[in-house]
Amino acid sequence: MADKQTVISKILSGKYQPAKAVVDVFAPANIALCKYWGKRNLELNLPVTDSLSLSLGTLGSHCKLSDTDKATDRIVLNGNELSAEHPFVKRLVTFLDLFREHPSERFCIETTNTIPTAAGFASSASGFAAVVKALDRRYGWQLPAAQLSILARMGSGSASRSLWQGFVRWHAGQSDDGMDSVSEPLESQWEEICIGLLVLNRNQKKIGSTEAMKRTVETSALYRAWPQQVERDMTCMLSAIEQRDFEMLGKTAETNALAMHATMMAACPPVLYWQPESLIAMQTVWQARNEGLPVYFTMDAGPNIKLVFQKADQDAIEKRFEGLVTANPWEDD
Ligand code: DP6
């Protein structure tokens with residue numbers, strides 16, 4: 001079976017140019033409307049199914065990469081230097097080890113998130129995509145975005161979708177080395193669509209998505225139905241986007257998120273990210289729809305809710321959902 005280093009050699013051999021001392025890049029966060037849930041290869045983060053996301057415009061991660069003469073990498077997140085023991089630092093340093101031109105070189109990575117990190121929004125996706133973009137810039141690889149998406153995916157699956165704005169589809173692929181497990185932006189974009197982030201609960205989640213996914217695949221009887229669910233939802237969403245059918249897009253996104261959560265609730269032990277305030281927000285969305293306001297929700301591996309709506313309704317929705325942070329998926333940083 002292929003490992004990360006083999007895949008990286010295929011992509012990067014002969015590509016390293018003289019290193020730039022300092023580089024500064026940005027990658028947007030993304031929210032999946034059709035979710036990635038379950039891996040067919042844990043090492044390479046190869047998914048069981050395709051997924052489809054919307055990027056969050058200027059909400060994402062800025063990453064400054066420079067050299068350090070310290071013995072270890074320095075990782076600074078939102079202005080605070082993290083200790084070497086921090087789980088995110090361990091994960092990032094292991095990832096950086098795959099790419100160093102000289103084994104002794106050490107980096108200073110300063111990541112600043114414009115998305116509320118503490119509230120558990122998808123910052124690892126934009127974080128890893130930004131690091132890969134920074135490495136590409138530092139070493140002058142000049143890789144096409146599709147290949148950067150393969151490298152970012154090995155840091156965190158959803159990072160493979162954070163190389164573009166707008167709608168992005170991640171193809172699951174079939175090959176063992178994942179060279180066909182790549183994301184691409186949809187040709188058909190739809191600039192009326194917005195995503196709203198509703199911060200409901202700032203507590204750190206007890207179980208991360210990597211572990212929750214693994215447990216679901218291994219123990220949930222409902223997971224068997226998930227690939228068919230995604231196939232149906234993906235077809236529906238693509239045609240909704242083609243036909244500009246907002247109701248179909250929103251309904252399908254909501255169903256897909258709830259079905260994903262159903263698979264994890266049926267795991268052993270169960271995984272339940274819902275908090276009382278998550279449920280209240282879902283009911284408020286349903287109530288608003290009953291009253292004629294076209295708004296739908298989606299939810300990931302945390303208690304917070306994301307709203308999907310059209311720009312024309314932004315004012316009404318921001319009034320209804322206090323504290324909502326609205327992202328424009330087509331706005332470039
Ligand atoms: C529920 O990409 O965080 O947000 O590949 O293990 O790093 P790893 O998982 P991650 O999982 C994201 C799961 C999700 C759905 C999605 O973004 O598609």
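Counting convention: from 1, in listed order, for ligands and their atoms alike.
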In terms of atom number and element, which parts of ligand 1 are under 4.0 angstrom from non-hydrogen atoms of [X]?
| X | result |
| --- | --- |
| S209 | 3 (O), 9 (O), 10 (P), 11 (O) |
| G157 | 2 (O), 5 (O), 7 (O), 8 (P) |
| D300 | 1 (C), 4 (O), 14 (C), 15 (C) |

| Going by distance only, is there an N or O of Y36 that falls short of 3.5 Å from an N or O of ligand 1? |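 Yes, there is a polar N/O contact under 3.5 Å.
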[X]/[Y] ion pair, N-O < 4.0 Å:
| X | Y | value |
| --- | --- | --- |
| R169 | E184 | no |
| E43 | K4 | no |
| E101 | R138 | no |

| Hey, does L151 have a side-chain heavy atom less than 4.5 Å from the side chain of F128? |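 With C-beta onward as the side chain, the pair stays apart.
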| task | May I ask which of M213, M299, K39 has a heavy atom nearer to atom 6 (O) of ligand 1 than the others do? | result |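 Result: the heavy atom closest to atom 6 (O) of ligand 1 is in K39.
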| Relative to the ring of W141, is the ring of F99 parallel (under 30°), tilted (30 to 60°) or perpendicular (over 60°)? |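 Geometry flag for W141 against F99: tilted rings.
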| message | Below 30° counts as parallel, above 60° as perpendicular, anything between as tilted: where do the rings of F167 and W190 land? | response |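 Rings of F167 and W190: tilted, as their planes differ by 30° to 60°.
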| query | Would you say R161 contacts ligand 1, with heavy atoms under 4.0 Å as the rule? | reply |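 Yes.
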| Heavy atom of R91, distance to ligand 1 below 4.0 Å |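 Contact present.
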| query | Side chain, backbone, both or neither: which part of A32 has a heavy atom under 4.0 Å from ligand 1? | reply |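 Near ligand 1, A32 shows its side chain, while the N, CA, C and O stay back.
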